[in-house]
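Below is one structure, written out as structure tokens; comments come after it.
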Amino acid sequence: MRRFILIAVPYIWLLALFLVPFLIVFKIALSDTALARPPYLPQFDWATGLGAFLAELDFENFVFLTSDALYWKAYLSSLQIAVIATLITLLVGYPIAYAMTRAPEAWRPTLMMLIILPFWTSFLIRIYAWMGILSQEGFLNQFLLWTGVISAPLTILNTNVAVYIGIVYTYLPFMILPIYAALDRLDGSLIEAAEDLGCSRLSAFWLVTIPLSKNGIVAGSFLVFIPTLGEFVIPSLLGGSGTLMIGKVLWEEFFSNRDWPVAAAVAVVLLVILIVPIVLFQRNQQKQAEAEA
Amino acid sequence: MNTSMLWVATAVALAGTTAFAQEVRVYNWSDYIDEALLEKFEAETGFELIYDVFDSNEVLETKMLAGGSGYDVVVPSGTFLQRQISAGAFQELDMSKLPNAANLWDVIQDRTAQYDPGNAYSINYMWGTTGIGVNMGKVAEILGDDAPIGSLDLVFNPAHMEKLAACGVHFLDAPSEMIPAALAYLGENPDSQDPEVIAKTEAVFAGIRPYVQKFHSSEYINALANGDICVAVGWSGDILQARDRAAEADNGVEVAYNAPQEGALMWFDQMAIPVDAPNPEGGLAFLNFIMDAQNMADASNYVYYANGNKASQPLLEEDVIGDPAIYPDEATLENLYTTTPYDAKVQRVVTRLWTKVKSGT
């Protein structure tokens with residue numbers, strides 16, 4: 001019995017916080033927009049039952065998404081931004097995680113603390129701070145002008161460059177921590193063995209360290225990629241009007257068009273796209289758990 | 001109302017009758033009140049005031065249509081108010097609790113009645129125009145002293161915009177105001193509901209799109225005041241606040257506002273009480289407080305917007321009541337137009353066009 005309850009907990013969690021909300025969104029995606037509170041019809045209720053709801057069932061909101069190039073362009077553009085941002089985060093995060101494992105044992109808790117420290121400030125405030133840093137009159141331009149590297153201020157804020165900076169900055173800890181965990185577990189004697197057998201330090205790194213930290217790399221990449229794909233706050237605050245991301249399109253459907261059914265359909269499609277990486281991520285985690293067991 | 005909504009509503013209602021009975025929650029536009037008035041309201045009425053802000057009608061409308069917002073007073077603009085009234089989002093005002101309504105100005109009441117027949121659901125807070133704010137020094141430097149700062153030609157003519165792009169141009173991120181402006185520039189009816197006429201504005205926006213730095217509805221106040229940008233299409237009082245902030249900072253930036261000669265949108269921000277307000281009594285108390293002649297005059301003197309309160313006019317400062325950018329003279333008033341709400345189909349055309357303008361897709 002106790003075992004059953006233990007197993008049930010994560011499933012109840014999944015049911016209450018994922019499946020039920022998803023079904024509500026899916027149901028809205030099947031309704032039609034209307035001038036009402038809330039602004040869609042039919043509003044399924046238990047009194048009239050399933051029958052009335054099914055009678056009017058159609059998938060026109062999903063069909064609508066295929067009729068306008070905006071939607072698939074936004075999905076593609078989001079995918080592109082998420083992939084590039086994940087790669088940059090990996091390139092920045094890996095050396096940091098590596099350096100942390102090389103640091104003296106006594107420093108590591110402090111270094112770990114420094115990685116986590118930014119979370120003590122609200123995410124929104126940190127993004128606002130970046131607006132101050134990146135603007136035309138901001139710290140970065142002032143500094144570069146002062147050092148003489150540039151002669152006219154760079155336009156960074158309100159471009160995709162600012163979006164990448166914001167995403168890499170925000171999600172960096174999610175990349176560093178799993179890689180650090182993987183590297184920390186790495187047996188140093190394996191590297192010594194590789195070097196004894198004639199590997200240079202660099203090839204030992206490529207042939208031993210990187211493959212053995214693969215799980216950390218994969219886990220970190222998914223932890224960055226998955227939330228980035230649907231990211232809304234960073235592109236809307238740091239990005240320009242030309243930054244096309246599905247999170248912003250969803251916002252516009254929901255707020256400007258007041259078309260909750262189409263907004264819900266956009267969200268459902270986004271989730272379907274995300275299911276592939278989420279499943280891959282789960283597999284990776286499972287394999288890792290099995291390898292350790 | 002489905003079951004989950006019912007639970008939220010019940011929770012809000014219960015909270016409203018117990019712990020928060022003495023709270024009044026107001027949701028108003030950003031930079032839109034003298035904050036001293038908020039403390040005065042608390043001192044006079046004993047209510048605890050919770051004051052939140054927004055910068056787009058769309059955000060407010062979504063909260064109203066979702067229901068259970070928890071606010072007692074909200075401030076939608078005319079066309080949005082009209083649509084939300086028909087969706088059943090507001091409650092009729094109990095005029096017996098609003099003795100200060102006698103202070104309201106019939107000229108404005110007549111105009112707001114087209115959105116809220118009989119003014120049964122709302123009172124006018126402030127009204128203004130949508131026009132052009134310029135940094136006088138920078139624009140004169142770029143386009144010369146005869147720059148058309150009083151005309152839509154300044155912001156819709158690619159020849160001017162190409163030169164202005166270097167010093168920064170912001171547009172409102174409000175299609176329901178920008179599209180009528182582009183229609184006025186084309187000589188069409190700004191209130192056109194015809195998708196084919198509306199589509200004509202796409203070419204206007206396409207011509208100047210590369211030169212617009214940002215579409216945003218509140219950042220331009222600071223950006224104009226700091227000299228980060230030199231032109232903004234924005235709301236009258238916001239640009240006048242930028243003028244004031246620049247003057248206070250004494251940073252050499254001189255900001256001016258003009259309602260374009262081709263015609264300018266006249267809009268009305270109306271205070272209303274949501275149908276599910278937890279504390280409608282408190283909401284009415286706030287409305288009555290704000291309609292007091294002195295309070296309304298203080299608010300206008302602070303934010304540089306005209307109000308719909310006749311009795312407040314003798315109490316307004318000369319640079320408010322005497323400024324034709326705030327209280328337009330007869331000739332300018334003739335030149336102002338109002339708009340009506342788009343229906344769902346036209347709304348989609350408008351939003352889609354706007355997305356295309358902003359993102360190029």
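Every chain is numbered from 1, with letters handed out A, B, ... down the list of sequences. Values below: all heavy atoms of this structure, side chains included; hydrogens, waters and symmetry mates excluded.
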- Message: Measuring only between side-chain heavy atoms, which start at C-beta, is A:E252 closer than 4.5 Å to B:K358?
- Response: yes
- Between B:K214, B:Q213, B:M64, B:R352, the one whose heavy-atom pairs under 4.5 Å with chain A are most numerous: B:R352
- Message: I'd like to know if the side chain of B:R348 and the backbone of A:N257 have a donor-acceptor N/O pair within less than 3.5 Å.
- Response: no
- Item | Portion of B:E219 that has a non-hydrogen atom of chain A nearer than 4.5 angstrom | side chain
- Task: Enumerate by number any residue of residues 146-162 of chain A whose heavy atoms lie under 4.5 Å from heavy atoms of chain B; in the absence of such residues, state 'none'.
- Result: A:N158
- Message: Using a 6.0 Å cut-off, check whether atom CZ of A:F119 has over 12 heavy atoms from anything other than its own residue.
- Response: yes
- Task: Check the surroundings of atom OH in A:Y128: do more than 12 heavy atoms from other residues, nucleotides or ligands lie under 6.0 Å from it?
- Result: no
- Task: Return yes when atom CZ of A:F22 has more than 12 non-hydrogen atoms of other residues, nucleotides or ligands closer than 6.0 Å, and no otherwise.
- Result: yes
- Message: Between A:L70 and chain B, with a heavy-atom cut-off of 4.5 Å, which part of the residue counts as in contact: side chain, backbone, both or neither?
- Response: both
- Verify the neighbour count for atom CZ of A:F143: are there more than 12 heavy atoms of other residues, nucleotides or ligands below 6.0 Å? no
- Can you tell which part of B:R83 gets under 4.5 Å to a heavy atom of chain A, answering side chain, backbone, both or neither? both
- For B:E61, is it the side chain, the backbone, both, or neither that has a heavy atom closer than 4.5 Å to a heavy atom of chain A? side chain
- Is it the side chain or the backbone of A:V262 that comes within 4.5 Å of chain B heavy atoms, both, or neither? side chain
- Query: Could you state the interatomic distance from CZ (B:F80) to CZ (A:R258), rounded to the nearest 0.5 Å?
  - Reply: 6.0 Å
- Note on the structure: Cut-off 4.5 Å, heavy atoms of chain A, and the answer for B:V275 is side chain
- Would you say the side chain of A:F255 lies within less than 4.5 Å of the side chain of B:T351, judging by non-hydrogen atoms? no
- Does any heavy atom of chain A fall under 4.5 Å from the side chain of B:F171, the backbone, both, or neither of them? neither
- Note on the structure: Whatever's closer than 4.5 Å to a heavy atom in chain A on B:A89 counts as both
- Atom pair OG1/NZ of B:T355 and A:K248 - distance to nearest 0.5 Å: 10.0 Å
- Message: Report which part of A:M131 has an atom under 4.5 Å of a heavy atom belonging to chain B: side chain, backbone, both, or neither.
- Response: side chain
- Determine the option with the most heavy-atom pairs under 4.5 angstrom with chain B, choosing from A:D68, A:L244, A:T243, A:T33. A:D68
- Separation between OG (A:S135) and CG (B:N222), nearest 0.5 Å, reads 11.5 Å
- Between B:L65 and A:A36, which heavy-atom pair has the shortest distance, and what is it? CD2-O, 3.7 Å
